[in-house]
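Worksheet for the structure shown next.
Scope of the values below: all heavy atoms of this structure, side chains included, with no hydrogens, waters or symmetry mates.
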Amino acid sequence: MANEEWQAEQQYVHHVTARIKQKMDAIEREMGGVKGEVVEIRRNFWDDVTVNLGNMDDITETHFAIRQQAEILSERERRYSHSADALKLLTRLVSSPFFGRIDFIEQGARDVEKIYIGIGAFRDEETDEFLVYDWRAPISSLYYDHTPGPVSFEAPAGEIAGEMTAKKQYVIRNGKIEVMFDAAITIGDELLMQALGRHADSQMKSIVATIQREQNEIIRNDVASMLIVQGAAGSGKTSAALQRVAYLLYKHRGTLVANQMILFSPNPMFNSYVSTVLPELGEENMQQTTFYDYLQHRLGRSFTLEDPFDHLEYLLTADSTSAYEVRLEGIRFKSTLPFSDGIVRYVDALMREGMRFLSIRFRDKVIVSKEAIRERFYAFEPSLRMHLRMEQLRKWLLQEVDAFVEREIHESWVEDDIELLDHDDYQRAYNQVRRMQRHVDASFNDFDQEKEVLSRMVVNRRMGKVRRAIKQLRFVDVRGMYRQLFADESRFVQVFSKDALPSCWQEICKQTVTRLDARELAYEDATPYLYFMELIQGMTLNTAVKHVIIDEAQDYSLLQMEVLRRLFPRSRMTALGDLNQSVFAHASGLSNPRGLETLYGEDKTEIVKLWRSYRSTQEIVCFTRGMIDGGEQIIPFARSGPKPSVILLKANADYDQHIVREVQDLQAAGYSSVAVICKTAAESQAVFERIGGTLSARLIRKETATFQPGVLIIPAYLAKGVEFDAVLIYDGSDQVYRRALERQLFYTACTRAMHELRIAVQGEPNPFITAQDASTYTLIERR
C-alpha cells in the first residue's frame with residue numbers, strides 16, 4: 001500500500017488507542033471510588049441501620065432499612081463488576097483495536113463511511129462516534145460475507161443496501177500496524193496463513209479476525225432451532241460454534257446470559273482447551289459438561305455405570321469372540337430408532353399389565369405392599385396417562401404414610417428415641433403445646449400432649465427418608481421392568497418386530513440381564529434405560545437453558561439427542577460433528593438426517609457442511625482424506641509442509657528408542673506441542689511407563705482436566721477436538737489398526753497434526769495407509 005495511506009491508518013490507530021487509554025483511566029478512577037464505597041458500606045453496614053424489634057411497625061421499618069442498605073451495596077458491586085468487564089475488553093483493544101475495515105456508502109447517501117471492526121466496540125463519548133465496531137454488529141457481516149460492490153445487510157430496522165467500496169485487513173500489535181492489505185476477494189489468505197502457521201496453544205483461540213464466509217453463516221444463524229454442522233477434520237466447527245455463542249450473547253443481550261447456554265463436550269480436557277475463547281471476546285463462559293456426567297448424575301446412585309472410555313477400550317482391545325460379536329450387535333441394535341420405538345411400545349403395554357413396584361417399608365414393617373400399589377395403579381381410569389397415574393400414586397402413598405405415623409407414635413421404640421432428643425426439641429414441643437392451649441379447654445393435660453408432640457416429632461424425622469423416596473418415585477421398580485423386557489422372550493418379541501431383531505437377539509438379552517443382575521449398566525444401555533425411566537416417571541426438565549451445543553456429535557445416537565431435547569424443552573440446539581471421526585460402534589445420529597429432522601421439525605432444522613480443512617497442511621490433508629468415504633470433497637488450505645512420513649521400524653527392543661529419537665527430532669524442529677498418539681489407554685500407559693521419563697512427557701488419561709503443550713502421550717479417542725504441532729502415531733501397523741471400526745480412529749489420530757505427521761510402524765503398515773497414493777507420503781525404512 002502507498003506509504004501515505006499506511007501513515008494515515010497508523011495515525012488512526014494512535015487516535016483510537018489514545019481515546020481507549022483515556023477511557024481506561026476514567027474507568028480505573030471510577031472503580032477506585034466505587035471500591036472505596038463498597039468497602040465503606042460493608043464496614044459500616046450495621047452502623048447505618050437502626051435495628052428495632054419492639055413492635056410490628058418497628059420490625060417493618062427495620063426490614064426496609066436493611067433491604068435499602070443491601071440494595072445500595074448490591075448496586076455498587078454491580079457497577080464495579082461492569083467496570084471491571086469493560087476494562088478487560090479495553091485492555092485487549094488498546095493493543096490491537098481492530099483487524100478489519102470496510103468502506104460503505106448507504107444507498108441514497110453521498111459520504112463513504114469507514115467501518116473499523118474489532119473484537120469489541122469502542123465509542124468516542126465526546127463525539128458519540130463509533131471508532132471501532134464489534135465484529136458481531138449487523139454491519140460487520142459485510143466484512144465476512146461480501147466483496148466490494150453492491151451489498152446489503154440485515155439491521156434491526158430492516159435491510160440496508162448500499163455499496164462496499166473497499167475491504168482491508170490488519171495485523172496490529174502493541175498499537176503498531178505490522179501488516180495491512182486489501183482483502184477484496186475473501187478474508188485474506190495472508191492473515192489466515194499467519195494464524196494457521198502458529199504453534200498449537202494450550203487453549204483454543206478466538207478466530208474472529210479470520211472467520212470465513214461459510215463459518216459466518218453458522219455464527220449468525222438465529223433462525224434454526226436445530227443447526228447441524230457437519231465438517232471435515234480441522235474445518236473450524238468448534239471455533240465457529242464458540243463464536244456463535246458470543247454472537248448470540250451479543251445480539252440477545254438482556255434476554256440471554258452465558259449460564260443459559262450449555263456445551264456438551266467429549267471429555268474434561270476439552271473443556272479446558274476451549275475455556276478461554278469466550279473470555280477473550282469479553283463474554284462469560286457458558287456451562288460445560290459431558291453427556292456421561294449427566295448420565296452419572298441421573299443413574300449413578302442405582303448402578304455402576306460404564307463410562308464411554310472404558311466402553312471404547314473394550315471395543316478396541318477385546319478379542320473377536322462370540323460374546324464380543326454379540327455385544328457389538330447389541331450396541332448397534334440399542335442405538336437404532338426401532339429399539340427406541342420399541343421402548344415406547346413397551347411403556348404403552350405396561351399401562352395394561354406388567355408394572356412392577358417396590359413395597360414401602362419402615363423398620364421391617366410394610367406400610368404399603370407392592371401388590372397394593374400395583375392394584376391401585378391399575379384401578380385408575382385406563383385413559384389416565386402414565387405421568388398422571390404416578391402423581392396420583394405419589395399423593396396416595398404420602399397419605400398412607402401420614403396414617404402410618406399416627407399409628408406408629410404409640411410404639412415402644414418411640415419412647416426410647418424421645419430420651420435422645422436435645423433441649424431445643426423439648427423447647428419446640430413445649431412452645432407448640434402452649435400454642436395449642438389457646439384453643440382448648442383449661443383441663444388440657446400438658447404432659448400427655450407434650451409427649452404426643454415429641455412422639456410425632458420423632459416418627460416424622462425417621463419417616464423423612466421414606467417420604468423423600470416416595471416423592472422421587474423410588475417405589476417404582478424401573479430396573480425390574482427394564483430387566484423384565486429382556487428376560488421375557490415372548491414380551492421382547494411382542495414389543496420388537498421379529499423381522500427387525502438381530503439374529504443373536506436372545507444372546508443380547510442374556511448379556512443385558514446378567515449385567516442388570518450385577519447392578520451394572522453398560523454404556524449402550526444407559527441412555528435407553530434413562531429414556532425408559534423418564535417415560536415411566538415423567539420427564540426431568542430444565543427450562544432455564546436456552547441453547548445446547550453438542551461437540552463431537554457424531555458420537556451421539558439419535559436417542560441421546562432426543563433425551564437432551566426433552567431435558568431442555570425451551571432450548572435450541574447446535575450439533576457439530578464429523579461422521580468420519582465416529583469411533584463408537586453405535587449408529588451415529590448424524591447419519592440419519594430424517595431422524596434428526598424429527599427432533600425439532602423439518603422446517604426448523606438446518607444442515608451446514610464445511611469441506612475446507614484449515615488445521616493441517618495441504619500434504620497432511622491430501623494423505624488423510626484418502627482414508628475415508630467422500631474424502632475427495634475435502635478441500636485443503638494452501639499451506640505447505642513436509643509430507644507425512646511412514647517409518648518402518650523393527651519390532652525389537654530398540655523400537656522405543658527409535659520413538660524417542662523421532663520425538664526429539666520433532667522438538668529440535670521447533671515444535672512445542674508433540675503428541676505420541678496410541679490406540680488405547682492401556683497402550684498409552686505402557687508406553688508412558690517405558691519412555692515417558694526420558695521425554696519428560698505427560699500421560700493424558702480420561703480424567704485429565706487440563707491441556708498443556710509439551711510432549712503428550714495420549715489415546716487416539718481422547719485427542720479428538722484438539723490439535724498439536726506434530727503428531728507421532730506410536731504404532732500404525734496392520735496388527736494395531738485393521739478392523740473397519742478402527743479406520744475412523746486412525747483417521748482421527750492423523751488429523752490432529754497441524755504441521756507434521758509421522759507414523760511409526762512395527763512390521764507392515766495398516767491397510768488405511770497402503771490404500772493411499774504412494775505419492776502422498778514418504779516411506780522411510782529404519783530396519
Side-chain angles (χ1 to χ4, degrees), residues 144 187 192 195-196 200-201 203-208 210-221 224 226-248 261-267 269-271 273-278 281 286 288 290-291 547-556 561 572-583 588-591 593 596 605-616 620-621 624-625 628 630-631 633-637 707 717 719-724 744 747-754:
Y144 297 111
I187 305 300
L192 189 55
L196 299 174
D201 293 307
Q203 271 103 20
M204 180 180 285
K205 298 300 182 184
S206 161
I207 62 165
V208 293
T210 56
I211 291 170
Q212 304 299 289
R213 183 171 185 171
E214 65 273 18
Q215 294 169 334
N216 197 44
E217 178 185 354
I218 296 164
I219 291 167
R220 293 176 187 261
N221 186 313
M226 176 69 169
L227 180 63
I228 302 158
V229 182
Q230 295 189 16
S235 58
K237 300 181 294 296
T238 303
S239 296
L242 293 171
Q243 318 303 311
R244 172 170 167 73
V245 170
Y247 171 76
L248 292 173
M261 310 181 87
I262 186 168
L263 168 67
F264 282 87
S265 60
N267 54 63
M269 185 181 73
F270 184 85
N271 288 340
Y273 183 58
V274 301
S275 63
T276 59
V277 174
L278 290 174
L281 299 172
M286 58 189 158
Q288 297 180 16
T290 67
F291 189 69
H547 208 110
V548 172
I549 298 96
I550 304 175
D551 208 344
E552 303 296 340
Q554 74 278 353
D555 292 335
Y556 285 67
M561 290 187 177
R572 295 183 178 187
M573 184 179 290
T574 301
L576 322 157
D578 176 9
L579 282 170
N580 293 311
Q581 295 183 66
S582 181
V583 297
S588 171
L590 293 189
S591 65
L596 288 170
T605 302
E606 291 188 35
I607 299 176
V608 179
K609 296 187 178 182
L610 302 177
W611 293 113
R612 185 176 293 276
S613 180
Y614 298 98
R615 174 189 297 132
S616 305
I620 294 173
V621 174
T624 55
R625 68 181 177 179
I628 53 173
Q633 297 181 78
I634 298 174
I635 305 167
F637 182 72
F707 180 76
Y717 54 78
K720 288 200 305 179
V722 295
E723 57 192 27
F724 309 93
Q744 289 159 322
Y747 169 77
T748 300
C750 292
T751 55
R752 300 307 94 198
M754 293 175 61

Could you report the tightest heavy-atom contact between [X] and [Y], atom names first, then the distance?
X    : Y    : answer
A553 : S588 : O-OG, 4.3 Å
A233 : R752 : CB-NH2, 3.9 Å
Q230 : L579 : OE1-CD1, 4.3 Å
A240 : I219 : O-CG1, 3.4 Å
R625 : P636 : NH1-CD, 3.5 Å
F270 : V722 : CD1-CG1, 4.5 Å

Less than 4.5 Å apart, any side-chain heavy atom of [X] and any of [Y]?
X    : Y    : answer
V245 : H547 : no
L590 : M561 : yes
K609 : Q633 : no
Q215 : R213 : no
T238 : E552 : no
R244 : L227 : yes

Expected output: side-chain [X] to main-chain [Y] donor-acceptor under 3.5 Å:
X    : Y    : answer
K237 : L576 : no
S239 : G236 : no
Q581 : T748 : no
S616 : V621 : no

What's the separation between atom [atom1] in [X] and atom [atom2] in [Y], rounded to the nearest 0.5 Å?
X    : Y    : atom1 : atom2 : answer
T751 : I634 : OG1   : CD1   : 9.0 Å
F264 : T290 : CZ    : OG1   : 8.5 Å
Q288 : L278 : CD    : CG    : 8.0 Å
T624 : N580 : OG1   : CG    : 10.0 Å

Inset, instruction - Step by step, work out the side chain to side chain contact (heavy atoms under 4.5 Å, CB included) result for L610 and Q212. - result: CA-CA 11 Å; L610 302 177; Q212 304 299 289; over 6 Å; no
Inset, instruction - Determine the interplanar angle of the Y273 and F707 rings, folded into 0 to 90°, and report it as parallel if under 30°, tilted if 30 to 60°, perpendicular if over 60°. - result: perpendicular
Inset, instruction - Show the numbers, then the answer: is there a side chain to side chain contact (heavy atoms under 4.5 Å, CB included) between V274 and L263? - result: CA-CA 10 Å; V274 301; L263 168 67; 4.1 Å; yes
Inset, instruction - Please test L596 against M226 for side chain to side chain contact (heavy atoms under 4.5 Å, CB included), starting from the C-alpha separation and ending with a verdict. - result: CA-CA 9 Å; L596 288 170; M226 176 69 169; 4.2 Å; yes
